[in-house]
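Notes to accompany the following structure.
These figures come from a predicted structure and were not determined experimentally. Each chain gets a letter, A, B and so on, in the order its sequence line appears, and its residues count up from 1.
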Amino acid sequence: MLRLYDSLTHDVRELELRDQNRVSMYTCGPTVYDLPHLGHGRYTLVWDAVRRWLTYNGLEVDFVSNITDIDDNIINRAAREGKTEAEVAAEYEQHWWDAMDAIGVARPTHIPHATQYVAEMVELIDKLIADDVAYRTSDGVYLDVSKVEGYGGLAGQSLESLQVGARIEANLEKRSPFDFALWKAAKPGDPTWPAPFGDGRPGWHTECVVMSLGLLGPDFDLHVGGQDLRFPHHENERAQAIAAHTPFARRWAHSGWVMVGEEKMSKSLGNFTSLTDMIAKTDARAYRLLVLRSHYRSPIEVSAATIDDAERGLARLDSLARRFDVPTTWSDFARRPDGLSPRALELDAAVTLLLDDDFNTPQALALIFEAVSEANATADRGEQSDAESLALACTYLLAGMGLNLRRAESTIDEESQSLARERDAARAAKDFARSDALRDELVNKGWIVEDTAAGTSLRRAL
RNA sequence: GGCGGCGUGGCCGAGUGGUUAGGCAGGGGCCUGCAAAGCCCUCCACCCCGGUUCGAAUCCGGGCGCCGCCUCCA
């Protein structure tokens with residue numbers, strides 16, 4: 001069973017499933033008011049890989065990721081562009097899924113939208129007010145964090161110690177700077193929902209706690225997300241569950257930053273690259289490789305240089321798929337392939353051990369890269385069946401992390417196709433001047449030209 | 001101020017008290033009509049200073065430097 005670093009207990013521990021053979025897993029999805037950036041790409045890739053790995057190991061994974069379709073940023077954008085909030089949300093949700101499809105992140109099992117859970121949120125807030133852990137102000141309803149046992153657990157600090165560094169609070173009605181809005185009172189022009197404590201709209205932290213518990217039920221297994229949501233967002237979700245006496249996530253796991261130079265990539269610093277742009281220029285699988293090549297909790301450096309580097313590494317993996325006639329994609333492997341050689345089984349076991357130990361994808365990939373060399377060398381010696389078995393283990397394990405290798409270009413234009421055939425004819429006639437001229441022509445058209453047993457093969461240059 | 005993390009070879013990036021991480025890039029060779037891909041070999045390392053130890057890049061102490069959180073942020 002997978003062991004992960006738990007952000008609440010601050011140690012690596014095994015998942016303890018609430019239901020046998022079934023994993024309940026939640027992550028906060030995007031607020032849909034802008035294009036997704038590389039940071040979104042990283043966290044979705046990391047947790048997609050974890051989800052797939054659990055699935056590969058025979059578990060059924062209920063994976064919930066919400067869409068926050070109402071918040072200040074959406075309202076502002078709608079006002080600026082003369083659209084409704086719903087239009088803005090729909091537009092950027094579409095961009096989100098386009099990007100997710102492009103990087104190969106599988107759809108969650110459930111995709112709750114915040115605006116469809118407002119009634120449940122109102123119910124929770126009502127209960128918190130009745131229990132006197134939440135209070136009303138002129139602009140909404142706030143949770144009184146001083147009444148929450150263990151507030152600060154995810155931050156790794158006590159409330160008192162958090163107070164020391166708190167910035168000056170503008171809202172004088174709040175009892176503590178860490179009290180947060182469960183409900184924002186209606187403002188003219190904003191979308192509002194009715195509530196016994198005054199019309200308005202839900203606060204962000206309330207959305208996630210209601211949707212996760214609503215779909216996965218109390219005491220679900222794993223709550224994941226990017227580091228920057230750890231505090232205060234996740235802390236505040238947890239605080240509401242505690243205040244409502246509802247068992248919440250059994251485990252918390254967080255993935256690291258995307259760095260640009262020495263700085264964290266973030267919306268507030270404005271130093272972000274949109275995922276949409278990156279995908280347009282790069283084989284999106286290279287980004288997955290880049291992400292998996294470092295530990296999920298470490299910061300990763302994303303630059304033109306590191307992306308190029310990953311693309312070249314990916315090319316090496318793809319060359320394995322070109323050489324061996326083995327299945328290579330997630331959908332090819334409903335379960336572990338049968339009849340693997342002892343060496344292939346050994347690789348599988350070693351990789352499994354590493355991934356189960358806090359999802360050590362970099363070491364697992366190192367083993368796979370070594371196995372790729374070994375498979376090639378084995379085939380060079382003519383031991384085709386052993387080589388193929390090892391290659392199969394590689395493609396199977398990579399697919400288990402969501403990395404699907406590719407064989408050849410799916411589309412080669414007719415002109416290039418015919419140049420390649422001409423070149424084959426010239427080579428057969430030993431007219432090398434002619435065949436080299438044809439190769440130059442193909443290279444100029446952006447192809448990498450390789451000789452294979454089946455004749456000239458073309459693939460796209462990086 | 002509090003809390004957390006990091007400092008590894010040209011670049012990215014793991015890891016362990018003694019044994020090659022891995023990838024990319026560089027050098028040499030094999031293969032090839034020549035290439036490409038592949039294979040083999042190879043250069044380059046663990047911020048500084050003490051300590052523990054037979055032995056530390058790995059443990060302890062002290063420095064220095066960097067990053068993050070404590071506010072919306074994946």
Side-chain angles (χ1 to χ4, degrees), chain A residues 7 10 27-31 36-47 71-73 152 154-158 160-170 177-178 180 204 224-233 235 254-259 262-269 272 289-290 293-295 297-303 305-320 322-323 354 360-370 372-381 427 430-433 435-436 439 443 447-452 456-457 459 461:
Chain A
S7 311
H10 308 283
T27 187
C28 303
T31 300
H37 62 71
L38 296 182
H40 296 103
R42 184 186 190 185
Y43 99 90
T44 51
L45 283 168
V46 164
W47 303 116
D71 104 318
D72 289 337
N73 290 308
L154 282 171
Q157 292 197 76
S158 65
E160 299 73 60
S161 124
L162 282 165
Q163 307 274 17
V164 177
R167 300 181 192 188
I168 305 301
E169 180 58 56
F178 292 98
F180 58 91
W204 182 39
V224 303
Q227 273 292 358
D228 38 0
L229 293 191
R230 180 168 170 171
F231 191 93
H233 182 56
E235 188 79 54
H254 293 93
S255 52
W257 313 117
V258 168
M259 305 295 287
E262 300 274 89
E263 275 182 331
K264 168 193 166 195
M265 176 177 289
S266 71
K267 292 295 279 186
S268 42
L269 291 172
F272 56 91
L289 181 60
L290 180 58
R293 205 171 66 164
S294 69
H295 189 86
R297 288 191 278 123
S298 302
I300 54 170
E301 179 88 24
V302 179
S303 65
T306 61
I307 288 177
D308 284 355
D309 192 78
E311 282 191 305
R312 284 189 288 262
L314 179 64
R316 175 169 167 73
L317 296 175
D318 278 342
S319 77
L320 183 83
R322 270 183 272 120
R323 181 167 190 175
L354 286 166
N360 194 337
T361 55
Q363 279 220 315
L365 284 171
L367 289 187
I368 292 169
F369 268 100
E370 283 181 332
V372 166
S373 295
E374 191 183 329
N376 280 317
T378 304
D380 284 351
R381 287 197 306 271
R427 291 190 70 230
K430 300 217 183 298
D431 182 355
F432 296 122
S435 80
D436 287 354
R439 178 167 59 198
V443 167
W447 295 105
I448 291 174
V449 179
E450 292 177 347
D451 291 341
T452 68
T456 297
S457 126
R459 63 195 168 89

> Just how far, in rounded Å, is C1' of G13(B) from CZ of Arg42(A)?
Replying inline: 12 Å
> Can you name the side chain to side chain contact (heavy atoms under 4.5 Å, CB included) partners of Ser303(A), sequence neighbours left out?
Replying inline: Ala305(A), Thr306(A)
>> In terms of relative ring orientation, are Phe231(A) and Phe178(A) parallel, tilted or perpendicular, with 30° and 60° separating the classes?
In response: perpendicular
>> Need to verify one output field. Residue with the more 5' nearest nucleotide on RNA chain B, Val449(A) or Glu301(A)?
In response: Glu301(A)
> Along nucleotides 14-26 of chain B, 5' to 3', which nucleotides get a B, which get an S, and which get a -, given that the test is a protein heavy-atom distance under 4.0 Å?
Replying inline: SS-----BSBBS-
>> Work out how far the P atom of C12(B) is from that of C60(B), and round it to whole angstrom.
In response: 26 Å
> Excluding sequence neighbours, so at least two apart, what forms side-chain hydrogen bond (donor to acceptor under 3.5 Å, both in side chains) with Asp380(A)?
Replying inline: Arg323(A)
>> Please give the distance between the C1' atoms of U20(B) and G33(B) as a whole number of Å.
In response: 37 Å
> Is Phe432(A) stacked on the base of G33(B), meaning ring centres closer than 5.5 Å and planes within 30 degrees of each other?
Replying inline: yes
> Lys267(A) NZ to C72(B) C1': how many Å, rounded?
Replying inline: 11 Å
> Roughly, in whole Å, what's the span from CG in Asp436(A) to P in U32(B)?
Replying inline: 17 Å
> If you look at every strand shown and take non-hydrogen atoms under 4.0 Å, does Ala305(A) touch a base, only sugar-phosphate, or nothing?
Replying inline: nothing
>> Would you measure the distance from the P atom in G23(B) across to the matching atom in C59(B) and give it in whole Å?
In response: 26 Å
>> Heavy-atom nearest nucleotide on RNA chain B for Thr306(A) versus Arg323(A): which residue maps closer to 5'?
In response: Thr306(A)
> Any sub-3.5 Å donor-acceptor pair from Ser7(A)'s side-chain atoms to Leu154(A)'s backbone N or O?
Replying inline: no
> What integer distance in Å separates Glu235(A):CD from C72(B):P?
Replying inline: 13 Å
> Which residues pass the side-chain hydrogen bond (donor to acceptor under 3.5 Å, both in side chains) test with Asp318(A), sequence neighbours left out?
Replying inline: Arg285(A)
>> Could you tell me how far apart Glu450(A) (CD) and C34(B) (C1') are, to the nearest whole angstrom?
In response: 15 Å
> What is the nucleic acid contact for Asp451(A), judged by heavy atoms within less than 4.0 Å: base, sugar-phosphate only, or nothing?
Replying inline: base
> Roughly, in whole Å, what's the span from CD in Gln227(A) to C1' in G4(B)?
Replying inline: 9 Å
> Looking across every strand, which nucleic acid part, if any, lies under 4.0 Å from Gly256(A) by heavy atom: base, sugar-phosphate, or nothing?
Replying inline: base
>> Between the base of G33(B) and the side chain of Arg427(A), is one N or O donor paired with an acceptor at under 3.5 angstrom?
In response: yes
> Considering residues at least two apart in sequence or located in another chain, which fulfil the side-chain hydrogen bond (donor to acceptor under 3.5 Å, both in side chains) criterion with Arg439(A)?
Replying inline: Asp436(A)
>> Tell me the interatomic distance from Leu154(A), atom CG, to C3(B), atom P, rounded to whole angstroms.
In response: 18 Å
>> Applying side chain to side chain contact (heavy atoms under 4.5 Å, CB included), can you list everything that pairs with Glu263(A), at least two apart in sequence or on another chain?
In response: Leu269(A), Asn271(A)
> Sequence neighbours excluded, which residues qualify as side-chain hydrogen bond (donor to acceptor under 3.5 Å, both in side chains) partners of Gln163(A)?
Replying inline: none
> Can you name the ring pair (Phe, Tyr, Trp, His ring centres under 6.0 Å) partners of Phe369(A), sequence neighbours left out?
Replying inline: none
> Within a strict 4.5 Å, meaning less than it, do heavy atoms of the Leu162(A) and Glu235(A) side chains meet?
Replying inline: no
>> Classify Ser266(A) by what it touches in the nucleic acid, base, sugar-phosphate, or nothing, heavy-atom distance under 4.0 Å.
In response: base
>> Taking only the P atom of each, what is the distance from G17(B) to G13(B) in whole angstrom?
In response: 23 Å
> Would you call Lys267(A) and Asp228(A) a salt bridge, taking side-chain N to carboxylate O under 4.0 Å as the test?
Replying inline: no
>> How many whole angstroms separate atom CG of Leu317(A) from atom P of G38(B)?
In response: 10 Å
> When all nucleic acid strands are considered with a 4.0 Å heavy-atom cut-off, which category describes Val258(A): base, sugar-phosphate, or nothing?
Replying inline: base
Hey, what are the protein-to-nucleotides 64-70 of chain B N/O distances that come in under 3.5 Å?
{"unit_1": "C66(B)", "atom_1": "O2'", "unit_2": "Glu262(A)", "atom_2": "OE2", "d": "3.2"}
{"unit_1": "C67(B)", "atom_1": "O3'", "unit_2": "Glu262(A)", "atom_2": "O", "d": "3.4"}
{"unit_1": "G68(B)", "atom_1": "O2'", "unit_2": "Trp257(A)", "atom_2": "NE1", "d": "3.4"}
{"unit_1": "C69(B)", "atom_1": "OP1", "unit_2": "Lys264(A)", "atom_2": "NZ", "d": "3.0"}

